[in-house]
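This report concerns only the one structure given below.
Here is the naming used below: chain letters follow the sequence lines, and residue numbers restart at 1 for every chain. Quick note: numbers below take in every heavy atom, side chains included, and nothing from hydrogens, waters or symmetry partners.
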Amino acid sequence: MLTIDPAQLPTHFQSKEAEEKWCRIWDDWQIYHYDATRPREETFVVDTPPPTVSGSLHIGHVFSYTQTDIIVRYQRMRGRNIFYPMGWDDNGLPTERRVQNYFHVRCDLRTPYEPGLQLDAASSKDLKETPPRNVSRQNFIELCLQLTREDEKAFTALWKRLGLSVDWRQEYSTIDDHCRRLAQYSFIDLYKKGHVYSVEAPTMWDVDFQTAVAQAEVEDRELPGMLHNVRFGIEGSDQHFTIATTRPELLPACVGVTAHPNDERYKSLFGKKAITPLFFAPVPIFPSELADPEKGTGILMVCTFGDANDVVWWRQNQLPLRQTLGRNGRFDQVTYGQDGWESLKPAAANAAYQQLVGKTVKTAQKLVVEMLRDASGAATGNEPPLAAEPRPIQHAVKFFEKGDRPLEFISTKQWFVRLLDKKNSLIDAGERIAWHPDFMRVRYRNWTENLQQDWCISRQRFFGVPFPLWYPLDGDGKPDFSQHLLANIEDLPVDPASAAPRGYKENQRGVPNGFVAESDVFDTWFTSSLTPQICSQWQVDEDMHSRLFPTDLRPQSHEIIRTWAFYTVVKSLLHENNIPWLQATISGWILDPDRKKMSKSKGNVMTPMHLLDEYGSDGVRYWAASARLGVDTAFDEQVLKVGKRLVTKLLNAGKFVLSQTGTPAPISSELDIAFMHKLREFVARVTQLNENFEYATGLKEINGFFWNNFTDSLIELVKGRAKDETLDARQRGSAITALRRGLSVFLRLFAPVVPYITEEVWSWAFAEETGIKSIHRAPWPGDADFTDIPGDATSDVFDLAVNCWAAINKYKAQGGVTSGRPIEKLSLAANSATAEKARTAMADVMAAARARSYTIAKQDTMAEGEFEVLEATFADAQ
RNA sequence: GGGCGAUUAGCUCAGCUGGUUAGAGCGCCUGCCUUACAAGCAGGAGGUCCACGGUUCGAGUCCGUGAUCGCCCACCA
């Protein structure tokens, strides 16, 4: 047996040094490596979320990734072969912007690729005084990799220090060749299966980023607006009616007017034509169930396009497209009087419209309102079309979640994945996944049930994964968008901007009867929804894929159930007719102490570094482990303190137990036996909690049991016996074994949460004794730790001993006597059954209480298990 | 307007299928340098479980209604 000399050990755990040391050793020992030779049943696969590589990690990342790591470490100790990869999401707008600024470049599809291009960070002088350098998309991607690699190093260092037990050989980034290849393969596969289509259609459009956005990227913002009542004329009459609108600037794009079919006020108008003010366009008045008589004036104008309802009306009534708003959010040149732009007074209409050309929505609105104040714009009669002063209202407006101006519906050519016909199978797939906590499945289901649009996967950005696609040009050099020249799978990843489709030469690019590249890139979710396929080497190594897919666990946060989780289910269903993971664990958010979500815009985010320095990784992990899955938790530094104290306690308990020099013997004392049975039962309960992902409850219980029953009770009660050289070797040896066995069990119970201190203490003796050099490869405690424990599993002698000792402590405390003061004579009382049961442990209790002699009066009126001190004669303190 | 979650001690949170007197940690109060640990030990105070109804022998727990907070969705004239 190995014993340690406590004098050789520091009084406090030097967490920073220990973290550095163990990180290095764990790497050397390769204890987190996945073993590809072991069978699927023994494997536990994690579909790790790839964090966005821009800026720095914050405390919320630490929180959720630690929770996953605790689950993983538990599974590893249960003997599972862990596949735990790490990815980096460096695909998308944040990276694009950073690369542009950092290197002072712009991605330009016409610029030829420069092999081996290396650029340095731009100086601030360059940024101000010189125009950005144009680089090809290939080069842009290389620069992106170059820049993000630096960040990834910093992220990796933090993850390692935090103790994430990731297999760092399984690393990927969403812009690397492998991911781009798979994303493009995914598109081709979906294309061949008929799940994607392209169409020219009104799409939600961000006028600043100048790209289409998907439903999932849209958020509502409550904004003040103005409600305008505007008089419209009626064709062939001098009557008018008044519509209400918040978007008068879209008046030139008005193509119809509608009201509810049962609305008596307007029934007579249906079938007639309305005349718009200012532009004098005759437009049909039709009934629609979608019109709400309670809102505004009950009758409204239909424009191309003010909102999603306009799109519906436009389609249903086959109205003309009057696209006044350009892709840049400014009014385009149009001419009234031409086909599709009918006007009773084209000259007046054009004069009015001319004022709007090139203006933004905001400016145009002011101008239109001014024009509406003038009676000359009236469609009929001679009152100003503006029927009343605009009224301020609050209303929700759709925004791109990263955008600054409201979304517009603009008709553009986009690619979609057809989803609306697959709602039922998508809902069904969600039901086959075990969600933790379970109510998160409802969020998935609600989103899927309420899906309104197919998935728009094309983005009009330069940087991202390009569509592996070209279009042929006709004899006039015009692209035929109905013909799709797909890349060959062997050629992936491909950049159609720099490579030619098979059967064509590069010099046919852009010339008649040649080809033109699709310039769009994929929505970033199109790539990240493939993480299970990316990690499992789908389409690269089918044997590996079959061993790793579906994954066992998908950890993520709840706000991206509708995006990442949903789209991942979509991909797995459409590609492999399977669910992507068996279980999903949804972590909550970290809220600031005022219970507000931490976010960059609020400026209340916390970075983890100083916390790691102050409380150690173990302390920070303890805090993260204290929160249950799915529960938003207010940040509380107190819990970090508790974690740090646990680390110290483990250090000291380890020191004490492992420095006892007595020779271990089989556990034979009744107190020790009873403790071991209690511990065995406890381990079974905690194991069950961990199986259900209830690690937080488990930790709380482990902590309580360790503190109350082990350090404050067992150690104190057997301490005297363990040190007493005059005792029978069996009794003393039993104490030594109980202490060491208990310590070993607790170290392993704590190991998933506090990997550093447990490894440290484990290394002092148990590593060599067991031949298991890292605790993180040691078996999770279980019946095997107790097979040699004899005796009665139902004995409560341990609890009785604790009660008795507590009664003595209480007596001392109430008498104002220090608990360490020796007692010469102690007179106790208990009922006879209790006294008899506790008999075998009384020597230990008296040693702990420092009582030299005792008597116990049988009082059968007392409750079972209780002790009372009748009298104590204190010895003179020495 | 619909859905999901939350509301328990000063603070952060547990309380599973209803069952003695509602728990933990932190904080607070009182003792104590006691031979692993003062980053500790012993003892203690502190709660109309959001409100009102209901079911039940019994409700923090189940059912209604309402309030407050958070998130998701819908509405956007």
Side-chain angles (χ1 to χ4, degrees), chain A residues 6 9 11-13 215 219-220 222-223 225 227-230 243-247 257-259 290-292 294-303 306-310 393-398 437 439-447 449-452 558-559 561-562 588-589 591 593 595-597 623 626-628 630-639 641-642 644-660 689 692 694 696-697 700-701 703-704 707-708 711-712 715-716 719 723 805-806 808-822 850:
Chain A
L9 296 168
T11 34
H12 293 124
F13 187 53
Q215 188 184 347
E219 65 183 26
D220 283 357
E222 195 72 25
L223 285 187
L227 191 61
H228 306 77
N229 283 9
V230 180
I243 61 109
T245 180
T246 52
R247 304 212 53 189
V257 165
T258 189
L290 292 175
D292 181 353
E294 301 296 315
K295 281 191 183 160
T297 56
I299 190 163
L300 67 142
M301 67 170 179
V302 178
C303 310
D307 63 29
N309 274 340
D310 280 348
I393 55 160
Q394 279 294 119
H395 63 157
V397 181
K398 283 191 193 307
F439 66 77
M440 292 295 180
R441 82 170 58 248
V442 181
R443 299 206 180 178
Y444 172 91
R445 195 198 303 139
N446 285 350
W447 170 257
E449 282 169 350
N450 292 328
L451 206 62
Q452 302 293 317
H558 49 72
E559 83 277 14
I561 288 176
R562 62 178 185 153
W589 285 340
L591 309 174
R595 298 204 65 83
K596 296 272 180 278
K597 192 197 171 188
W623 162 73
S626 303
R628 292 176 304 148
V631 176
D632 295 346
T633 307
F635 180 77
D636 182 5
E637 202 153 338
Q638 300 298 348
V639 184
K641 272 194 200 163
V642 177
K644 192 173 176 179
R645 283 202 340 214
L646 170 67
V647 169
T648 305
K649 194 72 174 176
L650 280 165
L651 181 89
N652 285 311
K655 257 200 263 188
F656 175 75
V657 167
L658 295 174
S659 62
Q660 299 307 305
L689 288 169
N692 298 335
E694 294 178 74
T697 310
K700 195 179 152 188
E701 298 238 342
N703 199 41
W707 220 281
N708 297 326
T711 62
D712 290 348
I715 289 183
E716 295 302 330
K719 190 184 263 182
K723 288 176 181 296
W805 187 39
I808 300 166
N809 280 331
K810 191 166 179 172
Y811 181 84
K812 284 178 171 173
Q814 284 172 350
V817 176
T818 152
S819 56
R821 182 151 174 209
R850 304 185 183 204

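Rounded to whole Å, the C1' atom of rA9(B) lies 11 Å from the corresponding atom of rG27(B). When the C1' atom is used for both rG19(B) and rG64(B), the distance is 24 Å, rounded to whole Å. A gap of 27 Å separates the C1' atoms of rC52(B) and rA14(B), to the nearest Å. Rounded to a whole angstrom, the distance from the P atom of rG60(B) to that of rU7(B) is 15 Å. Straight-line distance between the P atoms of rA22(B) and rC33(B): roughly 36 Å, to the nearest whole Å. Comparing rU61(B) with rC50(B), their C1' atoms sit 15 Å apart, to the nearest whole Å. Spacing between rG31(B) and rG18(B) at atom C1', rounded to whole Å, works out to 42 Å. With both ends at atom P, the span from rG10(B) to rC49(B) equals 13 Å, rounded to whole Å.
Ala627(A) comes within contact range of no nucleotide atom at all, as no heavy-atom separation falls under 4.0 Å. Contacts of Val302(A) with the nucleic acid, taken as non-hydrogen atoms under 4.0 Å apart, are absent. Glu716(A) comes within 4.0 angstrom of a nucleotide base, judged by non-hydrogen atoms across all strands. Using a 4.0 Å heavy-atom cutoff across all strands shown, Lys723(A) reaches sugar-phosphate atoms only and no base atom. Contacts of Ala634(A) with the nucleic acid, taken as non-hydrogen atoms under 4.0 Å apart, involve only primed sugar atoms and P, OP1 or OP2. Using a 4.0 Å heavy-atom distance criterion, Val639(A) is classed as making no nucleic acid contact. At a threshold of 4.0 angstrom between heavy atoms, the contacts of Trp707(A) are confined to the sugar-phosphate backbone, with no base atom among them. Residue-level contact check: Thr246(A) touches the backbone only, with heavy atoms under 4.0 Å from sugar-phosphate atoms and none from bases.
Distances shown here put a side-chain N or O of Arg628(A) below 4.0 Å from the OP1 or OP2 atom of rG15(B). Lys655(A) has no side-chain polar atom (N or O) that falls below the 4.0 Å cut-off from OP1 or OP2 of rU35(B). OP1 or OP2 of rC76(B) has at least one side-chain nitrogen or oxygen of Asn309(A) nearer than 4.0 Å.
Here the nucleotide nearest the side chain of Asp307(A), chosen from rA36(B), rA42(B), rC76(B), is rC76(B). The Lys810(A) side chain lies nearest to rG44(B) when the options are rA36(B), rC71(B), rG44(B). Here rA39(B) is the nucleotide among rA39(B), rC71(B), rC37(B) with the atom lying nearest to any side-chain atom of His12(A). For Ala653(A), taking side-chain heavy atoms from C-beta onward, the closest of the listed nucleotides rA36(B), rC4(B), rC75(B) is rA36(B). In the set rC71(B), rC75(B), rG5(B), the nucleotide with an atom closest to the side chain of His558(A) is rC71(B). When distances run from any side-chain atom of Val442(A) to the nucleotides rA39(B), rG3(B), rC71(B), the shortest one goes to rG3(B). Taking every side-chain heavy atom of Thr633(A) into account, rC13(B) is the closest of rU34(B), rC13(B), rC4(B).
The partner of rC49(B) cannot be assigned: no Watson-Crick or G-U wobble pair with both contacts below 3.5 Å exists in any strand.
Annotation: side chain of Leu646(A) is in contact with side chain of Leu650(A) (closest heavy-atom distance under 4.5 Å). With a 4.5 Å cut-off on side-chain heavy atoms, Glu694(A) and Arg628(A) do not count as touching. In this structure, the side chains of Ile715(A) and Phe656(A) come closer than 4.5 Å at one or more pairs of heavy atoms. Phe13(A) places none of its side-chain heavy atoms less than 4.5 Å from the side chain of Thr648(A).
Rounded to whole angstrom, the span from the CD1 atom of Ile808(A) across to the C1' atom of rA42(B) amounts to 13 Å. Between the C1' atom of rU12(B) and the CD atom of Glu637(A) lies a distance of 13 Å, rounded to the nearest Å. Rounded to whole Å, atom P of rC37(B) lies 12 Å from atom CD1 of Ile715(A).
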Expected string for nucleotides 21-31 of chain B under the B/S/- scheme (protein heavy atoms, under 4.0 Å, primed atoms plus P, OP1, OP2 as sugar-phosphate) is --B-SS-----

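In this structure, CG on Leu227(A) lies 5.0 Å from CD1 on Ile393(A), to the nearest 0.5 angstrom.
Using cut-offs of 30° and 60° on the angle between ring planes, the pair His558(A) and Trp589(A) is tilted.
Taking each heavy atom of Val639(A) and Ser626(A) in turn, the nearest pair found is CG1-OG, 3.7 Å.
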